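Only one structure is covered here, and it is reproduced in the block below.
Here the structure is a predicted model, which is why all the values come from computation and not from measurement. Protein chains get the first letters and strands the later ones, always in sequence-line order, with residue 1 at the start of each.
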Amino acid sequence: MEQLLSYGWTTVALPLAVAVVVALTGRLTGRLTPYVAAVAPAWVLLYGAVALSSAIDAPGVLASGRTTWLAEAGLSVGWAVDGLTALMLVVVGLVAMLVMVFSAGYMAGESGLARYFAALSLFTASMSLLVVADGFVGLFIGWELVGVCSYLLIGFWFTKPAAAKAAVKAFLTTRVGDVGMLLALALLWREVGDLSYEAVFAAAGGIAPGVLTAASLLLLVGAIGKSAQFPLQIWLPDAMEGPTPVSALIHAATMVAAGVFLIARTWPLFSLSADALAVTLAIGGFTAVAAAAAAIAQRDIKKVLAYSTISQLGFMFAALGAGAWEAAVFHLVTHAAFKALLFLASGSVIHGSGTQDLYEMGGLMRSMPVTGVTWLLGAGALAGVAPLAGFFSKDEVLHAAWSADPAWAVVLFVASAFTAFYTARTTRLAFFGEYRGSGHPHEGGLDMRAPLLVLGAGAALLGFFGGPIAELAGGHHGELDLTVAAVSSVIALVGLAAGWVSARGATAPRDEAPYARALEWGAAGWKADAAVDSLLVRPVNALSRVLDARVDRGVVDRLAEGSAVLARRLGSGLAALQSGDAQWYAIMTGAGAVALLALVAYLGRGL
Amino acid sequence: MLPLLTMIVFLPLLGAVVTALLPKSRPDLPRQVALGVTLADLALVAILVARFDVSGGFQFMERASWVPEAGIQYLMAVDGISLPLLFLSALLMPIAVIASWKIDDRPAFYFAMLQLLAVGMNGVFVALDFVLFYVFWELVLVPMYFMIALWGGPRREYAAIKFFLYTLFGSVFMLVGILALYLHPAGGTFDMIALADSGLPAGFQWWVFAAFFLGFAVKVPVFPFHTWLPDAHVEAPTAGSVLLAGILLKMGTYGFVRVSLPILPEASASWAPFVALLGVISIVYGAAVAFAQTDLKKLVAYSSVSHMGFVMLGIAAGTAEGLNGAVAIMFAHGVITGMLFLLVGMVYERTRTRTIAEVSGLSKQAPVAAGMLAFASFASLGLPGLAGFPGEFLSLVGAWRSELIAPGYVIVAAIGVLLAAAYMLWMVQRVVLGTQSGTVEGITDLTRVEIAILVPLVVITIGMGVYWSSLLRYVDPAVGALLASMGAM
């Protein structure tokens, strides 16, 4: 087993090889393709599990390797596995494997499945790279590659203009963050001269506070983009254009959590800047409450989950900002389980009922009992109902926020209330009451039910593993704060009750309702898209057109042409030039050279 | 020992002469001769690469007296900086020949010109005597002028003259620089290696740098000397665009690395902020203007202005990272932009249009072409894991570390990374994805030959992106030697 650990690089190489194989042979393997592809995450899971069991006894780096890339510049790349990495590998491997199995049923009959499963394998490889890299260069490469996989999979149905647009939007918005991260790397390179975590962390104490804060904030910009935090959250709701299993894996459980992982991983650096922590807490807290409120106004079941994901990631950022990175990692793990579950369950619902519109669902508990029961487990975990997973991890987050800044803790309590509210509302609209649709809802096959059950167990039980998870991540696990637990339980119950009541009659027309305008704003994600469009997209477009037509063709090119005309007139060799006489060019070259030479000789005579 | 470099440089000249003399009755012969010659040339370069000693400095040196009265030598050699560019030139030549397979207007003349172009391009990268360097530099102009003027698009004459005059304007200044070095008492030679050790006074260097700068900057091209490029690209035939972007632009940046830095080190340092400024303007301005383009070729052309800006930034930085990055971009941009121009040409042949708004939904009808175009676009926008990233990364990182460049420049340059993603992906969204346009209906996907010329470029793009050292193990020691010699001044 110990020997296996020294092959950490295979968690990247094997999924990459599988991606190539699936891309090339996917058409031949047909219905087996999902299971060929699932070899990739299965290996990541196996490796992660072995590493995890070793990490419990031995904190610190378990295994690593590195090679020099540039001797003159002193750049090297490598990998290293410790408890946090092992934990992430297990999360990535497990969810990716379940999603591939689920996709076997969900995506059956679609064309382009080789592309789909190859992209999922490539995603597994990229995400592994992101977590096993032992420095910022490897991290950044994985970071960008998961973005491409996200692009490819959001745009899976590429003939649909909305999907194509959403894919581009996701890539570009996250790349705004990536530019920040790139600058962070450049800054750290300048300060430390090495981009391995080891070297950077060792040198972190000696970096000037201002520079440290700048580097931390630039890293934060990258994290905000990837994890869809305010103000870069706009891409995630649109990313729901992709197939639902993809949403579960990439846009809920793993990739979007990469921002949280980044800050946890670079904690020795990040935690030294109080300003960066304060900004993180504010962004996380604000995002948590604003996105939870927007989730209430959604009609599309996937959009509810998308805003919910943004909001839950906000909780994790708040925990980071409050200094409790262990709590953030804990919540990352439980959220990965219950949110992947909710997304897959919603996929099952969409598959079975043929719609994403909550108003056309209802009473699905009867026709889809497995989906319904597992959804309840996920929903309970999300709302923070004891003793499901989310209850424990959210308790730690709230406790940490309360110790750091009670004002933001209150904000998070409000966000918790909203969370319970939209969870109950969505659950009632989809699974209870009378069926309002026009199809024949049915449960999916075993390949779809089995992943739900596995994740359901996770959503139910993971909360009890807070201690081991915190220790694996290399930190300390706080005791359950009974006051916080009591308050948040009351809040959850009130929110659930209110949400449950609100779902009744929600499907009736409500144009005249006094809060219709608020709902409309909330449904549009507080009109963030419109704001970005008018503040950024249209100005940039207009500027580029002006630069092209007025400046480039109007000024720069005119000046060049003008000087050519001037030269022609001055030379009065007009006729010769027009005839394209080679001799004339030669003479002109020679004459010009001699004249300039004289000038240079004159100017340089005393030097 | 065979004079390998002489063979590499002048084999295409032999080919050009033979091609020009071929009988008119056999219009298929010129392209076959050209293909054979360029493939043989590529094989010679492959031998060169295989025998190259990574840590050996200048190698395969050939030195002979040429015009003894004036101290002019026949002096050639390669190091780790010129080798990748020579390889790139040899690699793109057969691809350019195959991409020109359907040329039926005066084929003998065309393929002779194409091979003559190879003589100039190869020569520039191996010449170490200024007279020889200048001859090859100017030699490139003639065939490219004819390729645009005779086999170009509707506005070919305008574009060809503009290209010619612009470059000529620049090379006049370069000639002045060369002669100034020769006439200065501390210089007194055309030998580029000897000049690098000559210890020229800083004030004199400053003026000579300015002269060389104009010659190189036009070729790169750096803002505001770039407006010849979009016109030349739009009018040039596909092979012309591939070689123009792939090799000719690199001659300019290669000049900075081969001439300005080692021979004029003090001036390079004092000019660095200015060079970096123009580099950064090129990055952002080129990207912003690319955004507004409606013609695919123009979009790629302006993207080249932007990418070459990163090269200038890396060179101006004068750090090991920056210079590694500059050479990495030169090579990668040649491969990636070569792919882009080939694909644009292939799409144009089928749809008869290059207007972005008129082509959409390519992926359903021609999945291979669409996939390749998307791949090349991602490579072009600097996706990690593909060839475009290492250079951009290193030049940014190297620039921020440089004491010569203000951090503000790097921050603005990083915005170019974002813009590159924006204009490339927006193009992909409109051309490759979405619903199918009428122009795309019924077109055939790429042929086997077309795929065959793209595959080597795809393989290199992935190989270099995954394993940076595949290229940089040649470049890095040469950069080290260059910096050591500059530091010793």
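- Taking 4.5 Å as the limit, every side-chain heavy atom of Trp426(B) sits out of range of all side-chain heavy atoms of Val168(A).
- Residues Trp468(B) and Val77(A) fail the side-chain proximity criterion, which asks for heavy atoms closer than 4.5 Å.
- Proximity of Leu183(A) to Trp400(B): side-chain heavy atoms (C-beta onward) are separated by under 4.5 Å at one or more points.
- Dense packing is recorded around CD of Glu110(A), with more than 12 heavy atoms of other residues, nucleotides or ligands lying under 6.0 Å away.
- Within a 6.0 Å sphere centred on CH2 of Trp9(A), heavy atoms belonging to other residues, nucleotides or ligands number 12 at most.
- Atom CG of residue Asp548(A) and atom NZ of residue Lys298(B) lie 7.0 Å apart, to the nearest 0.5 angstrom.
- Contacts with chain B were tallied for Glu144(A), Lys165(A), Arg175(A), Arg553(A); Arg175(A) has the most, counting heavy-atom pairs under 4.5 Å.
- With a 4.5 angstrom heavy-atom cutoff, Val546(A) does not touch chain B via any of its atoms.
- With a 4.5 angstrom heavy-atom cutoff, Ile141(A) touches chain B via backbone and side-chain atoms both.
- Shown here for Trp189(A) and Glu321(B), the closest heavy-atom pair between the two residues is NE1-OE2, 2.5 Å.
- Atom-to-atom distance recorded for Gln293(B):CD and Arg545(A):CZ is 12.0 Å, nearest 0.5 angstrom.
- The closest side-chain heavy-atom distance from Leu383(B) to Tyr151(A) is not below 4.5 Å.
- Looking at Leu195(A), the atoms closer than 4.5 Å to chain B (heavy atoms on both sides) all sit in the side chain, from C-beta outward.
- The candidate with the highest count of non-hydrogen atom pairs below 4.5 Å against chain B, out of Leu185(A), Asp552(A), Val556(A), is Asp552(A).
- Most heavy-atom pairs under 4.5 Å with chain B: of the set Asp178(A), Leu145(A), Thr67(A), this distinction falls to Leu145(A).
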